[in-house]
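Before any comments, here is the structure.
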Amino acid sequence: MNATISSEVEKFLKGLVRRNPHEIEFHQAVREVVESLMPFVLEHQVYREAQILERMTEPDRIVSFRVTWEDDSGSIRANRAYRVQFNNSIGPYKGGLRFHPTVTQSVLKFLGFEQVLKNSLTGLPMGGAKGGANFNPKGKSDREVMRFCQSLMTELHRHIGENTDVPAGDIGVGAREISYLFGQYKRLENRFTGILTGKGLSFGGSLVRKEATGYGCIYFCENMFNQAGDSIKGKTVSVSGSGNVALYAIEKAHSMGAKVVTASDSSGTIHDPEGIDYEKLDFLKDLKEVKRGRIHEYAQKYPAATFLEKQRPWQVPVDIALPCATQNEIDQNDAELLLKNGVKAVCEGANMPTELDAVRQFLRAKILYGPAKAANAGGVAVSGLEQSQNALRLSWSRDEVDTKLHTIMKDIHQKCLEHGKQGDFVNYVDGANIAGFIKVADAMVAYGAV
Ligand code: NDP
Ligand code: 2IT
């Protein structure tokens, strides 16, 4: 970065930090994007004159509200929930809901901001939003989760709509929670309509939505390898997490001939040098999707595996690392270790899983680095397809949806090449940021001062 660009970046970020004090995750997400975009924006005065960067980093609105509910012992409990409606320039707001004790306004602003660019990359008409609550579903009964979801929707329903804002799942929000939320919306509004995605297949859900983020991440990874004249076939892979994204990334990687040797949760990592095959994956799915158990149970069931308590997977030597759990789960030391052990690709299923300094290490080392907003866009893309099917009152077949997902991931990869090719090296960070930005920025310029 030359001196002028770097001073513009620092000036911009100083203002952002002043306007949004203490929101460190939001600062991090914006810094990564602005470092990519500043040279482009300086070359295109139209964006500068319209103050696009300043406007794009200010959410359209944030709704914050109390969620009061009753636990199984009859005690009254209260949580804080939000919906950050970030930008609807190219379509209705769209993005997940997260239930996790670490949810803050800063976390949801970083996620909402990234969602705007990610959704733009999919090529579908979707704006960006994120929401959630500092509610911990772990250890809660189904009935407690139901009462929480109903209470949350009792407020949220007035802020969403099929042409306004369409939430979906994220950490701690899966099929069970979406069903409770949808049921309550329908009861309050007396309308059966596609106001959430990730719904059950019997009430408007799309085939392949559950698998879409994980599958899409592997399709993107394969595109990166193909571009480099290689393939994921025969490669060893580490995956973090064992939730929605991780499980289906493991499934697709295995089906394409790679060997996945780790999975994890917040208590630790299992390392299975023999690889997670379909049978073991079925065990994991049942453990995580049905029984809501802990990852160490895998090592009890399969003695070839070891349980690395309280550790992340990045010490295990692999060709491909797929962070699929949460933000900032790869720090500089992890990046160093991965590189030392010869990692060829890091492809992000989770949102912002890599700290900024670690991202820079990967870029300097010129490995294949697929940033979240490109690599995990498959989930929201199939959510977009679910919205289309709901609007048409039709359901597409598994093959139809999967083929569309394939094409969308290939197109995203192509857009990254268009804007991120630097000689022989592809900087997918710049590519994704610039390609995602242009469509939203052009719409904002066209609207004038709104
Ligand atoms: P799930 O709730 O299904 O699974 C999350 C997994 O990550 C669990 O194994 C969980 O372990 C682990 N995890 C969560 N927080 C932490 C933490 N602080 N430290 C260690 N492990 C943690 O969520 P998803 O799979 O849906 O989401 C995973 C990531 O993918 C998130 O970054 C999300 O934003 C992103 N994403 C999700 C999409 C979707 O469609 N669901 C789409 C695109 C991105 P434990 O159970 O112990 O908490
Ligand atoms: O981060 C994400 O893209 C998601 N959690 C999915 C959002 C969606 O609307 O499907």
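Please read all numbers here as calculations on a predicted model, not as lab measurements. Counting starts at 1 for both ligands and their atoms, following the listed order.
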Atoms of ligand 1, numbered as shown, that sit under 4.0 Å from any heavy atom of [X]:
X: Arg98; result: 31 (C), 32 (O), 33 (C), 34 (O)
X: Ala350; result: 29 (C), 30 (O), 32 (O), 35 (C)
X: Ser264; result: 9 (O)
X: Ser242; result: 9 (O)
X: Gly349; result: 30 (O), 35 (C), 36 (N), 44 (C)
X: Arg294; result: 45 (P), 46 (O), 47 (O)
X: Lys138; result: 45 (P), 46 (O), 47 (O), 48 (O)
X: Gly241; result: 9 (O)

Heavy-atom distance under 4.5 Å between the side chains of [X] and [Y], does that happen here?
X: Arg360; Y: Glu35; answer: yes
X: Asp331; Y: Trp314; answer: no
X: Glu211; Y: Leu405; answer: no
X: Ser141; Y: Glu144; answer: yes
X: Glu155; Y: Val67; answer: no

So which of [options] gets nearest to [atom], if we judge by its closest heavy atom?
atom: atom 28 (C) of ligand 1; options: Ala377, Ala212, Ala325; answer: Ala325
atom: atom 3 (O) of ligand 1; options: Asn244, Asn376, Thr269; answer: Asn244
atom: atom 47 (O) of ligand 1; options: Ala263, Ser266, Ala375; answer: Ser266

Consider every N or O of [X] and every N or O of ligand 1, then say whether any pair is closer than 3.5 Å.
X: Gly172; value: yes
X: Gln327; value: no
X: Thr213; value: yes
X: Asn351; value: yes
X: Arg209; value: yes
X: Lys118; value: no

Less than 4.0 Å is my threshold; does some heavy atom of [X] fall inside it relative to ligand 1?
X: Arg312; value: no
X: His100; value: yes
X: Cys324; value: yes

Verify, without hydrogens or angle tests, whether [X] (side chain) and [Y] (backbone) share a donor-acceptor contact under 3.5 angstrom.
X: Thr262; Y: Val239; result: yes
X: Asn79; Y: Thr68; result: no
X: Lys235; Y: Ser231; result: yes
X: Tyr93; Y: Asn87; result: no

Taking the six-membered ring for Trp, is the centroid-to-centroid distance between Phe220 and Tyr428 below 6.0 Å?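 So the answer is yes for these two rings.
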Centres of the Phe203 and Phe192 rings: under 6.0 Å?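 No; Phe192 has its ring centre 6.0 Å or more from that of Phe203.
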Which bit of Glu329 gets closer than 4.0 Å to ligand 1, counting heavy atoms only: side chain, backbone, both or neither?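 Glu329 to ligand 1: no contact under 4.0 Å from either part.
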For Phe135, enumerate each residue passing the ring-ring contact (aromatic ring centres under 6.0 Å, His included) test, keeping only those at least two apart in sequence or located in another chain.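 With neighbours one apart ignored, the set is Trp69, Phe99, Phe148.
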Looking at residues at least two apart in the chain, or sitting in another chain, which of them share a ring-ring contact (aromatic ring centres under 6.0 Å, His included) with His254?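 Result, ring-ring contact (aromatic ring centres under 6.0 Å, His included) vs His254: Tyr278.
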Ile250 vs Tyr248, test: side-chain contact (heavy atoms from CB on, under 4.5 Å). Steps then yes/no. CA-CA 5 Å; Ile250 295 173; Tyr248 295 94; over 6 Å; no
To the nearest 0.1 Å, how far is [atom] from its closest protein heavy atom, and which atom is that?
atom: atom 16 (C) of ligand 1; result: Thr326 CG2, 3.6 Å
atom: atom 37 (C) of ligand 1; result: Val245 CG2, 3.4 Å
atom: atom 23 (O) of ligand 1; result: Ile171 CA, 3.4 Å
atom: atom 4 (O) of ligand 1; result: Gly243 CA, 3.3 Å
atom: atom 33 (C) of ligand 1; result: Asp170 OD1, 3.2 Å

Ligand-protein N/O pairs under 3.5 Å (ligand 2):
{"unit_1": "ligand 2", "atom_1": "1 (O)", "unit_2": "Gln115", "atom_2": "OE1", "d": "3.4"}
{"unit_1": "ligand 2", "atom_1": "1 (O)", "unit_2": "Lys118", "atom_2": "NZ", "d": "3.0"}
{"unit_1": "ligand 2", "atom_1": "1 (O)", "unit_2": "Lys130", "atom_2": "NZ", "d": "3.0"}
{"unit_1": "ligand 2", "atom_1": "1 (O)", "unit_2": "Asn351", "atom_2": "ND2", "d": "3.0"}
{"unit_1": "ligand 2", "atom_1": "3 (O)", "unit_2": "Gln115", "atom_2": "NE2", "d": "3.0"}
{"unit_1": "ligand 2", "atom_1": "3 (O)", "unit_2": "Lys118", "atom_2": "NZ", "d": "2.7"}
{"unit_1": "ligand 2", "atom_1": "5 (N)", "unit_2": "Lys130", "atom_2": "NZ", "d": "3.2"}
{"unit_1": "ligand 2", "atom_1": "5 (N)", "unit_2": "Gly169", "atom_2": "O", "d": "3.1"}
{"unit_1": "ligand 2", "atom_1": "5 (N)", "unit_2": "Asp170", "atom_2": "OD1", "d": "3.0"}
{"unit_1": "ligand 2", "atom_1": "9 (O)", "unit_2": "Lys94", "atom_2": "NZ", "d": "2.7"}
{"unit_1": "ligand 2", "atom_1": "10 (O)", "unit_2": "Arg209", "atom_2": "NH2", "d": "3.0"}
{"unit_1": "ligand 2", "atom_1": "10 (O)", "unit_2": "Ser383", "atom_2": "OG", "d": "2.5"}

Given the ring of Tyr302, does Lys280 sit roughly above its face, with NZ or CZ under 6.0 Å from the centre of the six-membered ring and within 45° of the axis?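 Verdict for Tyr302: a cation-pi partner in Lys280.
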Tell me every residue that passes salt bridge (Lys or Arg N to Asp or Glu O under 4.0 Å) with Glu297, counting only those two or more places apart in sequence or in another chain.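 Listed in chain order: nothing, the list is empty.
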Do Lys109 and Asn20 have side-chain N/O donor and acceptor atoms under 3.5 Å apart?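 Side chains of Lys109 and Asn20: pair found under 3.5 Å.
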